[in-house]
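Structure, as structure tokens:
In this text the structure is predicted, and so the values were computed from the model without any measurement. Basis for what follows: all heavy atoms, side chains included, without hydrogens, waters or symmetry-related copies. Numbering starts at 1 and runs along the sequence shown.
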Amino acid sequence: DVQLVETGGAEVQPGGSLRLSCAASGFRLAVYDMSWLRHTPDKGLEWVSAVDRNDGMRLYADSVKGRFTISTDNTKNTLYLQMNFLKSEDAARYYCAADARFWPPRKNMTWTDFTYWGQGTQVSVSS
């Protein structure tokens with residue numbers, strides 16, 4: 001059965017760092033384009049980053065470019081999101097998702113734009 005399980009969310013201070021993990025099971029990670037998205041009640045769902053299944057190209061939303069890094073470990077079948085220089089506006093529930101309906105991802109994607117989702121992990125940024 002296909003599963004995506006996010007871990008690593010925590011409360012951090014502004015300027016801090018955090019690494020999120022997404023453990024995939026039931027499929028080889030490399031067969032799908034993989035994305036990180038985040039959700040807040042106020043802003044809704046926002047696409048954050050993605051990695052292409054074919055060439056490994058990394059894509060980022062303008063709001064996180066230069067601060068976040070997406071990566072994969074195919075041996076562990078795990079997707080990562082390294083988050084540095086965290087800001088208060090980064091606080092959200094972060095999700096990994098697989099198999100986008102279209103490529104490249106857009107900023108305003110919806111839940112139905114992906115085939116598989118994890119349960120999410122909460123990131124809080126506060127002083």
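- Between the D33 side chain and the R53 main chain, a donor and an acceptor come within less than 3.5 Å of each other.
- For the residue pair V125 and A91, the shortest heavy atom distance occurs at N-CB, 3.9 Å.
- Taking each heavy atom of L4 and C96 in turn, the nearest pair found is CB-SG, 3.7 Å.
- Note that NZ of K107 and OG of S63 are 6.5 Å apart. Values are rounded to the nearest 0.5 Å.
- Between R67 and D90, at least one side-chain nitrogen of the basic residue sits less than 4.0 Å from a carboxylate oxygen of the acidic one, meeting the salt-bridge criterion.
- Annotation: side chain of I70 is in contact with side chain of L79 (closest heavy-atom distance under 4.5 Å).
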*asked:* I'd like to know whether Q13 forms a side-chain hydrogen bond (donor to acceptor under 3.5 Å, both in side chains) with S126, so could you lay out the CA-CA distance, the side-chain angles of the two residues, the decisive distance to 0.1 Å, and finally the verdict.
replied: CA-CA 5 Å; Q13 297 183 175; S126 61; over 6 Å; no
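- You'll find the side chain of V5 reaches within 4.5 Å of the side chain of Q119, heavy atoms only.
- Between the N74 side chain and the N77 main chain, no donor and acceptor come within less than 3.5 Å of each other.
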- prompt: So W117 and F114, ring-ring contact (aromatic ring centres under 6.0 Å, His included) or not? Walk me through it.
  reply: CA-CA 7 Å; W117 290 88; F114 296 87; 5.3 Å; yes
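- N84 and Q82 form a side-chain donor-acceptor contact under 3.5 Å, judged by distance and modelled atom types alone.
- In this structure, the side chains of T7 and T121 stay at 4.5 Å or more apart for every pair of heavy atoms.
- No continuous path of hydrophobic side-chain contacts links W47 to V123 [ILVMFWY only; heavy atoms under 4.5 Å].
- A donor-acceptor contact under 3.5 angstrom links the side chains of R38 and Y94, judged on distance only.
- Within the 4.5 Å cutoff, side-chain heavy atoms of M34 are placed close to those of L29.
- Closest non-hydrogen pair, S17 versus F85, comes out as OG-N, 4.3 Å.
- Remark: side-chain polar atoms of E6 are not paired, donor with acceptor, to backbone N or O of S21 under 3.5 angstrom.
- Residues F68 and L45 fall into different hydrophobic clusters, defined by Ile, Leu, Val, Met, Phe, Trp and Tyr side chains chained together at heavy-atom separations under 4.5 Å.
- At distances below 3.5 Å, not a single donor-acceptor pair connects side-chain atoms of W36 with backbone N or O atoms of Y95.
- Formation of a donor-acceptor pair under 3.5 Å by the E46 side chain with backbone atoms of H39 is not found in this model.
- Using a 4.5 Å cut-off on side-chain heavy atoms (C-beta onward), L20 and M83 make contact.
- Side-chain contact check for T112 and T110: at least one donor-acceptor pair (N or O, by modelled atom type) lies under 3.5 Å.
- Using a 4.5 Å heavy-atom threshold, the side chains of Q122 and E11 count as separate.
- Y116 and W111 are not part of a single hydrophobic cluster, where members link through side-chain heavy atoms under 4.5 Å apart.
- Taking the centre and axis of the six-membered ring of Y60, the NZ or CZ atom of R58 falls outside the cone set by 45° and 6.0 Å.
- In this structure, T78 contributes its side chain and K76 its backbone to a donor-acceptor pair below 3.5 Å.
- By the 4.5 Å heavy-atom criterion applied to side chains, Y80 and V51 are not counted as neighbours.
- The hydrophobic clustering, which links ILVMFWY residues whose side-chain heavy atoms are closer than 4.5 Å, places L37 and W103 together.
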Criterion side-chain contact (heavy atoms from CB on, under 4.5 Å) on E89 and K43, from CA distance to verdict:
CA-CA 10 Å; E89 52 262 43; K43 298 180 180 180; 3.7 Å; yes
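- Within a 6.0 Å sphere centred on CG of D55, other residues, nucleotides and ligands contribute more than 12 heavy atoms.
- When all heavy atoms of P104 and L59 are compared, the pair lying nearest together is CB-CD1, 3.9 Å.
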